[in-house]
2 protein chains.
Amino acid sequence: MSTKNKILDAADVLFADKGFNGTSLREITSQANVNLAAVNYHFGSKKELIKAVMSRYMDELSPQLESALSLICQAEQKPTLHEVFYAFIDPLLKLNEFKENGTSTFLQLLGRGYTDSQGFLRWFLTTQYPNVFTNFTKAVKIAYPELTTEEMFWRLHFTMGTIVFTMSSSEALIDIAQNDFDNKLDIAGVIERVIPYVAAGVAAPITNN
Amino acid sequence: MSTKNKILDAADVLFADKGFNGTSLREITSQANVNLAAVNYHFGSKKELIKAVMSRYMDELSPQLESALSLICQAEQKPTLHEVFYAFIDPLLKLNEFKENGTSTFLQLLGRGYTDSQGFLRWFLTTQYPNVFTNFTKAVKIAYPELTTEEMFWRLHFTMGTIVFTMSSSEALIDIAQNDFDNKLDIAGVIERVIPYVAAGVAAPITNN
DNA sequence: AGCTAGTTTAAACACCCGTTTAAAATAGCG
DNA sequence: CGCTATTTTAAACGGGTGTTTAAACTAGCT
């Protein structure tokens, strides 16, 4: 395997686990069995490495999400909110074929990116992959047209927060849940549980104060 | 003002803004106009300072939350989920009297603590302030007894995630929202919007797969 | 084989970190 | 006042950080 990929593979596990700030290049390169300077040689800087790690997932995910959402929007009958959110499941789970534990690693990275480094990753995602967001809001708008744009703005961000936050601590939660309820559970199980939650949240009746 | 309080005041703003790992003692002490060594003299270590910052809020909040929740549980008619969640609003908003921008700062700190430093703050909160959690689950159990303990476990963590994550990026979101919808909005407004969302999420019908 | 372009390597660089030290300053009190 | 205990201070410590350097190595190709 190429040095570049060895670095990427080691980096995304460590980044997901300990955050971007919390992971040093020395940890990454020793885990990847490559020289420290290789990161700067192949990627230029740590920041560019972070972008590369995220891009590897987004380039895989983004087209699949786009087609899944546009399929829903063009269907003869208008979709339910439940269907809109379920459109995310297959593309997300396919990341597991793309890479071992790809789904949960990616979602953890997303969570890290939201809170670490003062939102530079949010800027990166919204500017580099804007279609994912516009397609999603379009689909929600069709499924729940009564929702004002502003309410939708907030509820989608709440949803983003729920997903991302849950997944970034999903390993710990799964551990606790398996101890307390001895119920075999994996990342797909968590997704199965979070979808009804966020769908109900977005579908909540509009309160007019 | 005492050196100790100057440090605490500077620390919680910086911690909320840039995370625990992302804030150095040198930033804190220069912002507080005190000597670098003062932190270790008064608090012992950075970790103890983090605990002290959180305790200052929790000691204020915890009793108020406990009484608000037990009031609800002991009412003659069983509470709705909406009421259970609204019980949080007043105690949280009272943090603004306790300290300028106390509410949003505290919630941001909570978000930081969940993701930074591999969950040591979660351990700290659940072991030092267990009553808040048990009272909350008790109240939810009364309001929605059909929910299994396991489902409740997950939905409460989803809720925690939504709140904490939303608030940790609330400033940026409020900025965007005010630009796009020119709608005056503050932290209380965000709370007003997130409550129906999480209440609906927790109240979502049970799916049996 | 000999040259070149691409890659890897060990070492050093300059800087930031949390913590400790020991001296200086400041209060508090008999 | 003079003594003691507390607090503040500047400086240093040991270690970790991302990045850069220049030399060594390794293809690939004529």
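First the proteins, then the strands, lettered A, B, ... as listed; each starts at 1. Every value quoted in this text rests on a predicted model; they were computed, and no experiment measured them.
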Check: Once the angle between the rings of A:Tyr57 and A:Phe106 is folded into 0 to 90°, is it parallel (under 30°), tilted (30 to 60°) or perpendicular (over 60°)?
Finding: tilted

Note to self: Rounded to whole Å, please give me the gap between NZ in A:Lys6 and P in C:dT8.
What the structure shows: 8 Å

Notebook entry, point to check: Under 4.0 Å between a Lys/Arg side-chain N and an Asp/Glu carboxylate O for B:Asp12 and B:Arg112?
Noted result: no

Notebook entry, point to check: Taking 4.0 angstrom as the limit, do A:Arg193 and B:Glu150 come out as a salt bridge?
Noted result: yes

Next item on the list: Determine, step by step, whether B:Ile191 and B:Thr103 satisfy the side-chain contact (heavy atoms from CB on, under 4.5 Å) criterion, reporting the C-alpha distance in whole Å, the side-chain angles of both residues, the deciding distance to 0.1 Å, and the verdict.
Entry: CA-CA 10 Å; B:Ile191 294 180; B:Thr103 306; 4.3 Å; yes

Taking only nitrogen or oxygen atoms into account, show me every contact under 3.5 Å that the protein makes with nucleotides 13-19 of chain D, one pair per line with its distance.
from, atom 1, to, atom 2, distance (Å)
D:dT17, OP1, A:Ser24, OG, 3.1
D:dG18, OP1, A:Leu25, N, 3.4
D:dG18, OP1, A:Lys46, NZ, 2.9
D:dG18, OP2, A:Leu25, N, 2.9
D:dG18, N7, A:Arg26, NH1, 2.9
D:dG18, O6, A:Arg26, NH2, 3.0
D:dT19, OP2, A:Asn40, OD1, 3.2
D:dT19, OP2, A:Lys46, N, 2.9

Next item on the list: Please determine if a side-chain N or O atom of B:Asn35 lies less than 4.0 Å away from the OP1 or OP2 oxygen of D:dA10.
Entry: yes

Next item on the list: To the nearest Å, give me how far apart OH (B:Tyr41) and P (C:dT26) are.
Entry: 15 Å

Next item on the list: Check the distance between C:dG6's P and A:Lys4's NZ and give it to me in whole angstrom.
Entry: 13 Å

Item checked: By ring pair (Phe, Tyr, Trp, His ring centres under 6.0 Å) - contacts of B:Phe136 (at least two apart) -> B:Phe85, B:Phe88

Next item on the list: Before accepting this row, confirm whether a basic side-chain N of the pair A:Glu60/A:Lys99 lies closer than 4.0 Å to the acidic partner's carboxylate O.
Entry: no

Note to self: Whole angstroms only, please: what is the CE-P distance between B:Met1 and D:dT7?
What the structure shows: 17 Å

Checklist line | Residue-phosphate contact under 4.0 Å: B:His42 side-chain N/O, D:dT6 OP1/OP2 | finding: no

Margin query: Between A:Thr3 and C:dT7, is there a contact of a side-chain N or O with OP1 or OP2 at under 4.0 Å?
Written below: no

Notebook entry, point to check: A:Phe43 has an atom CZ; how far is it from atom P of C:dT8, in whole Å?
Noted result: 11 Å

